[in-house]
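Structure record follows, encoded as structure tokens.
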Amino acid sequence: MRKITVDFNAPFTLTFTFAACLATIVGGFSDGAARTLFMVGAPMDWGNPFDYIRLFSYILGHADWTHFAGNFTLILLVGPILEEKYSTRRIVIMTLVTAVITGLLHAVFSSGGLMGASGIAFMLILLSSLTNLKTGSLPLTFVIVALLYGGNEIYMAITQQDNISQFAHLAGGAMGAIFGFFLRGK
């Protein structure tokens, strides 16, 4: 009988997942106090150095297990493939850049708080649809994903009055598209 080992195949994706899981556990036991660590905006205090840390840490915090599971199911599906294609280092950089840009845009244009990795999940989804991008062509999968995803987020933003930031989803998706076009062939 052959011995089976468990491979830590996607270092960033798995570390990110475990860190967000821990933040969600802490958030569940803190009666909302952890939101001060894992929420950006609401509003941003430009004079508070901790608000700059929250421009990164908000992607770890999640409102509940359903929120966490929804984001990390997607991240665990596409993250390992993208780490293999682009390298762990590049995925870390893309995640941090997406987090800070999405957090800043949210802080400037929204009055509420933002927490969760939805923007990162959608960055990875759009990035994955561009993995086979060739000069002079546009993958049909990218066009369909962008239309379905973008159209749904715009529709939800117009018709729903919920606590979900469709703006952050769209910003994350836009960052994934930008990275996909910029890193074509690298």
Side-chain angles (χ1 to χ4, degrees), residues 6-83 86-128 149 153 156 162-176 179:
V6 176
D7 182 25
F8 199 74
N9 62 315
F12 173 70
T13 302
L14 291 167
T15 302
F16 183 30
T17 302
F18 295 142
C21 181
L22 182 61
T24 304
I25 291 169
V26 168
F29 286 111
S30 70
D31 291 330
R35 289 181 187 263
T36 60
L37 294 173
F38 303 114
M39 183 181 287
V40 71
M44 176 98 173
D45 178 359
W46 301 102
N48 182 351
F50 290 111
D51 275 11
Y52 294 95
I53 293 169
R54 286 187 273 272
L55 285 172
F56 299 98
S57 68
Y58 78 90
I59 64 175
L60 297 174
H62 288 79
D64 54 36
W65 286 106
T66 303
H67 186 207
F68 171 83
N71 285 336
F72 280 91
T73 298
L74 294 170
I75 290 168
L76 287 164
L77 279 170
V78 296
I81 296 163
L82 294 172
E83 274 192 70
Y86 293 105
S87 83
T88 297
R89 181 177 166 273
R90 281 189 175 145
I91 295 298
V92 169
I93 292 167
M94 287 185 249
T95 299
L96 294 175
V97 168
T98 300
V100 75
I101 288 174
T102 302
L104 282 171
L105 289 171
H106 183 82
V108 170
F109 295 110
S110 179
S111 60
L114 176 65
M115 70 184 320
S118 301
I120 304 306
F122 289 115
M123 180 268 291
L124 295 173
I125 290 168
L126 268 286
L127 179 63
S128 71
Y149 162 71
E153 292 302 313
M156 295 297 286
D162 54 20
N163 288 328
I164 298 172
S165 177
Q166 286 81 20
F167 181 75
H169 296 174
L170 289 168
M175 293 303 298
F179 291 134

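All values below come from the heavy atoms of this structure, side chains included, with hydrogens, waters and symmetry mates left out. What you are looking at is a predicted structure, and each value in this text was computed from that prediction instead of being measured.
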pair L96-V100: side-chain heavy atoms closer than 4.5 Å: no
Within the side chain of H106, is there an N or O that forms a donor-acceptor pair under 3.5 Å with the backbone of G112? yes
Where G61 and F38 come nearest, the two heavy atoms and their spacing: CA-CB, 3.5 Å
Who are the side chain to side chain contact (heavy atoms under 4.5 Å, CB included) partners of A20, not counting sequence neighbours? L60, H62, F68, F72
Show me the donor-acceptor pairs, under 3.5 Å and distance only, between side chains in residues 7-16 and residues at least two apart or in other chains.
unit_1, atom_1, unit_2, atom_2, d
T13, OG1, E83, OE2, 2.6
T15, OG1, P11, O, 2.7

Would you call L124 and I75 a side-chain contact if the rule is heavy atoms closer than 4.5 Å? yes
How close do T95 and I120 get, heavy atom to heavy atom, and via which atoms? O-CD1, 3.5 Å
Correct closest heavy-atom pair for M115 and H67 would be O-CE1, 3.4 Å
Got a sec, which residues hit side chain to side chain contact (heavy atoms under 4.5 Å, CB included) with I93, two or more places apart in sequence or on another chain? R89, V97
F122: which residues meet the ring-ring contact (aromatic ring centres under 6.0 Å, His included) condition with it, sequence neighbours left out? Y149, H169
Let me confirm one number: the CG-CE distance from L127 to M175, rounded to the nearest 0.5 Å. 11.0 Å
Quick test of your reading: applying salt bridge (charged side-chain N to carboxylate O under 4.0 Å, His left out), list the pairs with at least one residue in residues 102-125, sequence neighbours left out, ordered by first then second residue. none
Over all heavy atoms of both residues, which pair between L82 and S128 is shortest? Give the atoms and the distance, please. CD2-CA, 3.8 Å
Can you tell me how far the CE atom of M123 sits from the OG1 atom of T102, to the nearest 0.5 Å? 8.5 Å
Side chains of residues 49-58: which donor-acceptor partners sit under 3.5 Å, not counting sequence neighbours?
unit_1, atom_1, unit_2, atom_2, d
D51, OD1, R54, NE, 2.9
D51, OD1, R54, NH2, 2.4
D51, OD2, D45, N, 2.5
Y52, OH, W46, O, 2.8
R54, NE, T36, O, 3.3
R54, NH1, T36, O, 2.6
S57, OG, L37, O, 2.5
Y58, OH, A99, O, 2.7
Y58, OH, G103, N, 3.4

Work out which heavy atom in M44 is nearest to a heavy atom in A107; give both atom names and the distance. CB-CB, 3.6 Å
From CD (Q166) to OG (S118), nearest 0.5 Å: 9.5 Å
Residue pair T98 / G119: nearest heavy atoms and the distance that separates them: CG2-O, 4.2 Å
